[in-house]
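Here the structure is a predicted model, which means the values were calculated and not measured. The analysis underlying the following values was restricted to heavy atoms, covering all of them including side chains, and did not include hydrogens, waters or symmetry mates.
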Amino acid sequence: MLVGMPALTLAVIGSIRGSLRAHLAWIGMLAYSIYSLAYYVFGAQFNDLFLLHVAAFVSSVFAFGLALAALDVTSVDERSARRTPVRWISVLLALPAAAIVVLYSVAAVRFAITGQQPSDVLPMPSQRVHLAYALDLTLLVPAVALVAVQLWRRTAWGYALGTAACLAVGVYQLNYIIQKIFVAEAGVAGVTSFDPHDLPVPAVLLSSATVLLLGLRKTPTKSVPAPTAATRTPGT
């Protein structure tokens with residue numbers, strides 16, 4: 001409500017007005033919405049807002065598909081990738097994805113050998129931890145890894161989706177910090193209200209998204225000269 005919805009609303013308005021930057025921000029915020037709402041649809045206990053969560057999740061999924069289909073990636077000027085430090089940003093995206101794979105794989109193998117349940121930073125029930133591992137390893141990590149590779153190659157798709165990925169993951173990490181504050185205020189033991197070590201990840205990713213958005217250039221549209229008498233063919 002504090003970050004996600006205002007950002008999503010502004011991105012939609014800008015995209016309707018024809019802004020390529022706003023369109024990429026819209027895609028990023030829709031990806032954030034899908035990932036966030038998946039926890040409420042598939043992981044939360046049955047509650048009064050179940051149908052609202054389902055409607056928001058389904059709307060986000062289909063809007064994400066339509067937003068990607070409506071993206072004219074050819075309008076992304078390839079010179080943007082040459083002028084912007086995209087390879088540094090590609091590494092910043094790839095490192096957290098690699099860390100997740102290593103940490104989750106170690107926890108999964110340890111569980112298979114010893115039976116010790118995987119844990120999370122927040123004290124969550126085992127089924128919620130399982131859902132987090134499943135969503136990250138099936139949706140988040142493969143998507144971020146693919147985007148990082150395309151961004152490293154300086155492709156138009158990599159630039160466009162890299163912008164959206166940095167925004168989506170950065171906003172979610174910011175949301176995670178806010179979640180910890182509410183969990184701590186609820187009196188859950190072992191959770192600190194604010195940890196400065198949580199700030200670098202969203203700060204770096206949101207700064208990367210800003211750099212990509214500011215460095216974005218549209219491919220100049222070539223004007224087609226009107227046919228002259230010398231170039232007209234008979235009968236035209």
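Heavy atoms only, all atoms of each residue included: Ala31 and Ala168 are closest at CB-CB, 4.0 Å. The shortest non-hydrogen separation linking Leu131 to Ala38 is CD2-O, 4.2 Å. Counting all heavy atoms, side chain and backbone alike, Arg154 lies closest to Arg82 at NH1-CA, 3.8 Å. Ala164 and Ile27 get closest at one heavy-atom pair: CB-CG2, 3.9 Å.
No side-chain heavy atom of Asn175 sits under 4.5 Å from any side-chain heavy atom of Val3. Residues Leu139 and Tyr35 fail the side-chain proximity criterion, which asks for heavy atoms closer than 4.5 Å. Under the 4.5 Å side-chain criterion, counting only non-hydrogen atoms from C-beta, Val171 is not in contact with Pro202.
Both Tyr32 and Leu206 sit in one connected hydrophobic cluster of ILVMFWY residues. Membership requires side-chain heavy atoms under 4.5 Å apart, directly or through other members. In the hydrophobic clustering of ILVMFWY residues, with side-chain heavy atoms under 4.5 Å counting as a link, Leu146 and Leu71 come out apart. Linking Ile, Leu, Val, Met, Phe, Trp and Tyr residues whenever their side-chain heavy atoms come within less than 4.5 Å leaves Val147 and Val149 in two separate clusters. Cluster annotation: Phe57 is connected to Leu68 through the hydrophobic network of ILVMFWY side chains, with a link wherever side-chain heavy atoms come within less than 4.5 Å. The hydrophobic cluster containing Leu140 also contains Tyr133, counting ILVMFWY residues as joined when their side-chain heavy atoms lie under 4.5 angstrom apart, directly or transitively.
Using modelled atom types, one side-chain atom of Ser75 and one backbone atom of Asp72 make a donor-acceptor pair closer than 3.5 Å. For the pair Thr138 (side chain) and Ala134 (backbone), a donor-acceptor distance under 3.5 Å is present. Looking only at distances, a side-chain donor or acceptor of Arg21 sits under 3.5 Å from a matching main-chain atom of Leu216. Put simply, the side chain of Ser208 gets close to the backbone of Val204: a donor and an acceptor are under 3.5 Å apart.
The hydrophobic cluster of Ile181 has no other members, since no ILVMFWY side-chain heavy atom comes under 4.5 Å of it.
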Next on the checklist: Checking Gln117 against Val129 for the side-chain contact (heavy atoms from CB on, under 4.5 Å) test, could you report, in this order, the C-alpha distance in whole Å, the side-chain angles of both residues, the deciding distance, and whether it holds?
Outcome noted: CA-CA 9 Å; Gln117 288 285 345; Val129 176; over 6 Å; no

Checklist entry - Given Leu205 and Leu93, is the side-chain contact (heavy atoms from CB on, under 4.5 Å) satisfied, shown in steps? => result CA-CA 8 Å; Leu205 290 174; Leu93 277 173; 4.1 Å; yes

Check residues 59-67 and write down every donor-acceptor pair under 3.5 Å in which the side-chain atom is one partner and the other belongs to a residue at least two apart or another chain.
from, atom 1, to, atom 2, distance (Å)
Ser59, OG, Ala55, O, 2.7
Ser60, OG, Ala56, O, 2.8

For residues 102-114, which side-chain donor-acceptor pairs fall under 3.5 Å, sequence neighbours excluded?
from, atom 1, to, atom 2, distance (Å)
Tyr104, OH, Asp136, OD2, 2.8
Ser105, OG, Val101, O, 2.6
Arg110, NE, Gln116, OE1, 3.4
Thr114, OG1, Arg110, O, 2.7
Thr114, OG1, Gln116, N, 3.2

Can you give each donor-acceptor pair under 3.5 Å made by side-chain atoms of residues 41-52, sequence neighbours left out, with the distance rounded to 0.1 Å?
from, atom 1, to, atom 2, distance (Å)
Asn47, OD1, Leu49, N, 2.9
Asn47, OD1, Phe50, N, 3.3
Asn47, ND2, Gln45, O, 2.7

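In this structure, NE2 on His23 lies 6.0 Å from CH2 on Trp26, to the nearest 0.5 angstrom. Remark: Ser36 OG to Met29 CE distance equals 8.0 Å, nearest 0.5 Å. The distance from the CD1 atom of Ile34 to the CG atom of Leu30 is 6.5 Å, given to the nearest 0.5 Å. Note: Leu213 CG to Leu167 CG = 7.0 Å, rounded to the nearest 0.5 Å. If you take CG on Leu214 and CZ on Arg83, they are separated by 13.5 Å, rounding to the nearest 0.5 Å.
When the side-chain hydrogen bond (donor to acceptor under 3.5 Å, both in side chains) test is applied to Gln150, the partners found at least two apart in sequence or on another chain are Thr155. Residues forming a side chain to side chain contact (heavy atoms under 4.5 Å, CB included) with Asp198 (at least two apart in sequence, or on another chain): Tyr176, Ile177, Lys180, Asp195.
Few gaps surround NE2 on His53; more than 12 heavy atoms of other groups in view lie less than 6.0 Å from it.
Between Tyr172 and Tyr39, the ring planes lie parallel to each other; the angle is under 30°, not in the 30° to 60° tilted range.
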